[in-house]
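Note that the structure is predicted; figures quoted are calculated from it, not measured.
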Amino acid sequence: MSSPEPAVRAPRNGSTAPLTVAVTGAARGLGARLTERLLDVPEVRRVLALDERLGEARGAEWHTLDVRDPAIADLLRTSGATRDAEADDPGQDEPATAPVDVLVHLALDLDVEADPVARTAFNVRGTQTVLTAAAAAGVRRVVLCTSAMVYGALPDNDVPLAEDAELRATEDATCVGDLLEIERLAQRAPRAHPGLNVTVLRPSVLVGGTDTALTRYFESPRLLVVAGSRPRWQFCHVDDLVSALELAVLEKVEGELAVGCDGWLEQEEVEELSGIRRMELPPSVALGAATRLHRLGLTPSPAGDLAYTMHPWVVSGSRLYEAGWRPTWSNEEVLAELLAEVSGRHTVVGRRLGRKDAATTLGAAGATVALVGTAALVRRARRARRR
């Protein structure tokens, strides 16, 4: 048996040697898009696609596994043959089992409807395993993707927020607790494994084949607005996130990087562009009803999700801009894309309804009215108990 590779290899120091890149979660969503893109990047020689099932990216080297399996370290250290023998330069003497240079970890479960305990176990344990395995295998850089939600949505936030702004989010919103723990793991990893570079990308509201509590906000027949709040909307198209991930893979940016469209949209602009009217509710009614609906299991969205529709969490993206990156989508264009994607869907405070439910049970505008009605019923029940 050959001796193991050193724990961490030396930095590139301007070397132009082609990269071997591994992508977890490569069979779906963001991971699938990045895998396809990397196959066309000249600086990338090989792409290892890791997932629990095979994907469609032809030319990638596919491996099926659970990212929580520690055996991933052996795979990263001495992976199999090159991605496409016909594309190789016959004059190259490079071995077919070169270790991975960069690992992009995108195997996260951010499903709104998923069991929260199981979701957290997968996300946190998976990230822990990937970071430990990468260090053991001599991978010099790991790229993670969380969300700008980790900054928190607060009325006193700077607009826009700098990348080094304090992470003030709480764990009350969907998946934010998982993302905060991933951020903590990213901070600790270079100290535990000297020489390992960990780069973290934090996109704003991600659009493009995504399904989140924030995209579901636009599936309601009325846009819920909490009285006294002043939301600002900043989107990020998945194509722009993929291009930012590519820069991180090529080691042209590092650290914590916020990703989003230029600027933001005020709530009034969103309503004008979408053609969806608002329903304004007092904070006590909106937050109280959302809390009770979630507690009763009637909606997957906790009350904490509302904060991200009430207060600003716009990011500057200055570090990517300094590297020459620019978004190709505007907020207006991404909003139009989102509205086209959710057309025909009906949601009540995060709970998606079937056509029959939306059309007959709640009526055309009943989704948001249901929230108000629930709050009224809860107050009535409380008054009755006091008698």
Side-chain angles (χ1 to χ4, degrees), residues 21-41 44 47-60 62-67 100 102-114 119 122-124 126-127 130-131 134 141-150 174-176 178-179 182-183 185-186 198-216 234-250 253 256-261 315 317 320 325 327-329 333-334 337-338 341-342:
V21 182
V23 180
T24 69
R28 57 195 182 277
L30 177 62
R33 291 189 185 224
L34 178 64
T35 300
E36 290 281 1
R37 180 164 181 137
L38 291 177
L39 290 170
D40 293 326
V41 175
V44 175
V47 179
L48 277 67
L50 315 180
D51 209 315
E52 294 180 2
R53 61 180 176 84
L54 295 176
E56 299 179 359
R58 294 175 58 86
W62 283 95
H63 298 270
T64 55
L65 80 166
D66 187 321
V67 292
V100 169
V102 181
L103 169 65
V104 187
H105 178 47
L106 300 176
L108 295 179
D109 181 2
L110 302 179
D111 186 352
V112 180
E113 305 282 355
R119 183 175 58 205
F122 177 82
N123 291 336
V124 175
T127 304
V130 163
L131 288 169
R141 171 175 292 217
V142 175
V143 180
L144 304 175
C145 187
T146 61
S147 168
M149 294 177 76
V150 296
T174 304
C175 298
V176 172
D178 295 1
L179 299 178
I182 290 170
E183 292 273 353
L185 291 170
V198 180
T199 299
V200 181
L201 274 68
R202 300 167 178 163
S204 51
V205 181
L206 190 60
V207 175
T210 59
D211 177 21
T212 67
L214 292 167
T215 60
R216 289 190 178 194
Q234 181 187 39
F235 300 98
C236 177
H237 195 276
V238 67
D239 289 346
D240 286 331
L241 179 55
V242 166
S243 69
L245 285 166
E246 180 187 337
L247 283 184
V249 166
L250 298 180
V253 291
E256 294 77 35
L257 307 160
V259 194
C261 297
V315 291
L320 279 169
W325 177 91
T328 58
W329 291 72
E333 290 169 337
V334 180
E337 175 96 349
L338 172 57
E341 284 189 4
V342 303

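Residues Val44 and Val47 come closest through the heavy atom pair CG1-CG2, 3.7 Å. Contact detail for Gly31 and Leu106: the closest heavy-atom pair is CA-CD1, 3.7 Å. The shortest heavy-atom contact between Ala186 and Val198 is CB-CG1, 3.7 Å. Between Val242 and Arg33, the closest heavy-atom pair is CG2-CB, 3.9 Å. Gly260 approaches Cys236 most closely through the heavy-atom pair CA-CB, 4.1 Å. Among all heavy-atom pairs drawn from Leu320 and Ala258, the shortest one is CD1-O, 3.5 Å.
One distance of note links CG of Leu38 with CD of Glu246; it measures 6.5 Å at 0.5 Å rounding. Summarising the geometry, atom CG belonging to Asp240 is positioned 11.0 Å from atom CG belonging to Leu245; distances are rounded to the nearest 0.5 Å. Taken to the nearest 0.5 Å, the CG atom of Leu241 stands 5.0 Å off from the CG atom of Leu30. Distance CG/Leu185 to OG1/Thr146: 11.5 Å, rounded to 0.5 Å. If you take CG on Leu131 and NE2 on His105, they are separated by 7.5 Å, rounding to the nearest 0.5 Å. In this structure, CG in Asn123 is found 5.5 Å from CG in Asp109, a value given to the nearest 0.5 Å.
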Check step by step if side chain to side chain contact (heavy atoms under 4.5 Å, CB included) holds for Gln234 and Val205.
CA-CA 6 Å; Gln234 181 187 39; Val205 181; over 6 Å; no

Step by step, would you call Leu39 with Arg58 a side chain to side chain contact (heavy atoms under 4.5 Å, CB included)?
CA-CA 9 Å; Leu39 290 170; Arg58 294 175 58 86; over 6 Å; no

Audit row: Thr127, Leu108, side chain to side chain contact (heavy atoms under 4.5 Å, CB included) steps and yes/no:
CA-CA 9 Å; Thr127 304; Leu108 295 179; 4.1 Å; yes

Verdict with reasoning, Val41 to Val249, per side chain to side chain contact (heavy atoms under 4.5 Å, CB included)
CA-CA 10 Å; Val41 175; Val249 166; over 6 Å; no

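Inter-residue side-chain proximity for Val67 and Leu50 is flagged as unmet; no heavy-atom pair is nearer than 4.5 Å. Using a 4.5 Å heavy-atom threshold, the side chains of Ser243 and Thr328 count as separate. Between Val21 and Val104, some side-chain heavy-atom pair lies under the 4.5 Å cut-off. Proximity of Arg202 to Val315: side-chain heavy atoms (C-beta onward) are nowhere separated by under 4.5 Å. Thr212 has its side chain out of reach of Thr174: every pair of non-hydrogen atoms, C-beta onward, lies at least 4.5 Å apart. Put simply, the side chain of Cys145 reaches to within 4.5 Å of the side chain of Pro203, judged on heavy atoms. Using a 4.5 Å heavy-atom cutoff, the side chains of Asp178 and Phe122 are not in contact. Counting only heavy atoms from C-beta outward, the side chains of Thr64 and Arg53 never approach each other to under 4.5 Å.
A salt bridge links Arg28 with Asp51: the distance from a Lys NZ or Arg NE/NH1/NH2 to an Asp or Glu carboxylate oxygen falls below 4.0 Å.
Evaluation of the ring-ring contact (aromatic ring centres under 6.0 Å, His included) rule for Trp329 yields His237 as partners, not counting sequence neighbours. By the salt bridge (Lys or Arg N to Asp or Glu O under 4.0 Å) test, Glu256 pairs with Arg319, sequence neighbours left out.
Annotation: Glu52, atom CD; neighbour count of heavy atoms from other residues, nucleotides and ligands within 6.0 Å is above 12.
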